[in-house]
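Working notes, structure below.
Along the sequence shown, residues are numbered consecutively beginning with 1. For the numbers below, each heavy atom of this structure counts, side chains included, while hydrogens, waters and symmetry mates do not. Given the structure is predicted, the values throughout are model-derived calculations rather than measurements.
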Amino acid sequence: MYLFTLLGNLLIMVTIWREPSLHTPMYLFLCALSISEILFTVAITPRMLIDMLSNHHSITFVACASQIFFSFTFGFTHSFLLMIMGYDRYVAICHPLCYNMLMSPRDCARLVSWCWACGSVMGMMVTLIVFHLTFCRSNEIHHFGCHVLALLKLACGKETAPVTMVVIMVCVTALLGCLFLIVLSYVFIMAAILRIPSAEGRHKTFSTCVSHLTIVVVHYGFASIIYLKPKGPHSVDSNTLMATTYTVFTPFLSPIIFSLRNKELKSAIKRSFHRIFFPLSC
């Protein structure tokens, strides 16, 4: 699954780079999303695999802080990229005549840069807040890695409860803020699609949004299970399983969804395979 996640996202990146027909804002954002998926997977999954295969389960303080920083950075960046992909679909469908002006290559590069910059700032902020605490309880983390909620349970002192609430509020606010803007974009998109007179035109227009919508549902569905689940008698194993599902399956499903649901990308991948393995065929 780890290799499939890397190879699937790399395939999407290479296909977009090699196919001139895919040099559009939508696929630029998809390429940036694949990069964030790869980096998120590389930052988390190898350590998890090492711990699964080894009898010595330990991690240094610096490595734990780095893992939290990168996981939050790429997680927030992922949400921000999904948000601007929704904005791209809104401009393409609701304001097609202004699309080239509003989504120029320079503007798209600026949007992607802002996503990475904001994701890095958010990741650094959460990491500094968490590691400002004092850890005086057991040094055993009941998780597959340095997950922030499991780590906060090891902290002690009067600041622990407020800091835990701040971390949860930061994550929830960022996730719900991006989700709100995505939903708002699709409200206008659906209104524009319903004004299209032909059923074929409505179907063709909506089909350009299906893969993005599916990724949004997967991403926010798993994230909401972790951060918005009600308090109750959840076992440590169940919480760990939910977080592992979010960490592993979201990057794993992304290339599958985009490859299967996006006809243009699927055709480009087939052409790339055809040129590589059958270069002399007519």
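- Tyr220 approaches Leu179 most closely through the heavy-atom pair OH-N, 3.5 Å.
- Atoms CG and CD1, from Leu33 and Ile38 in turn, are 10.5 Å apart once rounded to the nearest 0.5 Å.
- The minimum heavy-atom distance linking Thr127 with Phe69 is given by the pair OG1-CA, 3.2 Å.
- The backbone N or O of Leu194 lies less than 3.5 Å from no partner atom in the side chain of Arg202, so there is not a single donor-acceptor pair.
- If you chain together hydrophobic residues whose side chains sit under 4.5 Å apart, Leu7 and Val14 never meet in one group.
- The hydrophobic cluster containing Ile93 does not contain Ile196, counting ILVMFWY residues as joined when their side-chain heavy atoms lie under 4.5 angstrom apart, directly or transitively.
- Tyr99 and Leu28 sit in two unconnected hydrophobic clusters of ILVMFWY residues. Membership requires side-chain heavy atoms under 4.5 Å apart, directly or through other members.
- Between Glu37 and Phe74, the closest side-chain pair of non-hydrogen atoms is not below 4.5 Å.
- Residues Cys98 and Val91 are not in side-chain contact: their nearest non-hydrogen atoms beyond the backbone lie 4.5 Å or more apart.
- Atom CZ of Arg89 is separated from atom SG of Cys209 by 6.0 Å, given to the nearest 0.5 angstrom.
- Residue His203 qualifies as open at atom NE2: its count of foreign heavy atoms under 6.0 Å is 12 or below.
- Rounding to the nearest 0.5 Å places OG1 of Thr208 at 9.5 Å from CG of Leu213.
- The minimum heavy-atom distance linking Gly123 with Thr73 is given by the pair CA-OG1, 3.7 Å.
- Side-chain atoms of His78 do not come within 3.5 Å of backbone N or O of Ser36 as any donor-acceptor pair.
- For the pair Ile35/Trp116, a side-chain contact is recorded, criterion being any heavy-atom separation below 4.5 Å from C-beta on.
- Here the side chain of His212 pairs no donor or acceptor atom with the backbone of Met85 at under 3.5 angstrom.
- Aromatic ring centres of Phe188 and His95 lie farther apart than the 6.0 Å criterion allows.
- Residues Phe180 and Leu176 form no side-chain contact, since every pair of their non-hydrogen atoms from C-beta on lies 4.5 Å or further apart.
- Distance CG/Leu184 to OH/Tyr90: 8.0 Å, rounded to 0.5 Å.
- Side chains of Trp17 and Met13 form no contact here, defined as non-hydrogen atoms less than 4.5 Å apart.
- Pairing each heavy atom of Pro20 with each of Arg18, the nearest pair is CD-O, 3.2 Å.
- A donor-acceptor distance shorter than 3.5 angstrom exists from the side chain of Ser71 to the backbone of Ile68, with no hydrogens or angles considered.
- With a 4.5 Å cut-off on side-chain heavy atoms, Glu19 and Tyr27 do not count as touching.
- In the hydrophobic clustering of this structure, Val183 groups with Val216; members are Ile, Leu, Val, Met, Phe, Trp, Tyr whose side-chain heavy atoms approach within less than 4.5 Å, directly or through other members.
- Here the options are Cys178, Cys118, Cys171, the test is side-chain contact (heavy atoms from CB on, under 4.5 Å), and the partner is Phe76; only Cys171 passes.
- Using a distance-only test at 3.5 Å, with no hydrogens or angles considered, a donor-acceptor pair links the side chain of Asn9 to the main chain of Thr5.
- Residues Met122 and Met124 share a hydrophobic cluster, clusters being chains of Ile/Leu/Val/Met/Phe/Trp/Tyr side chains in contact below 4.5 Å.
- Between Phe29 and Asp88, the closest side-chain pair of non-hydrogen atoms falls below 4.5 Å.
- The shortest non-hydrogen separation linking Gly75 to Phe40 is N-CD1, 4.2 Å.
- Between Asp107 and Leu102 the shortest heavy-atom distance is OD2-O, 3.5 Å.
- With rounding to the nearest 0.5 angstrom, the CD1 atom of Ile16 is 4.0 Å from the CG atom of Leu30.
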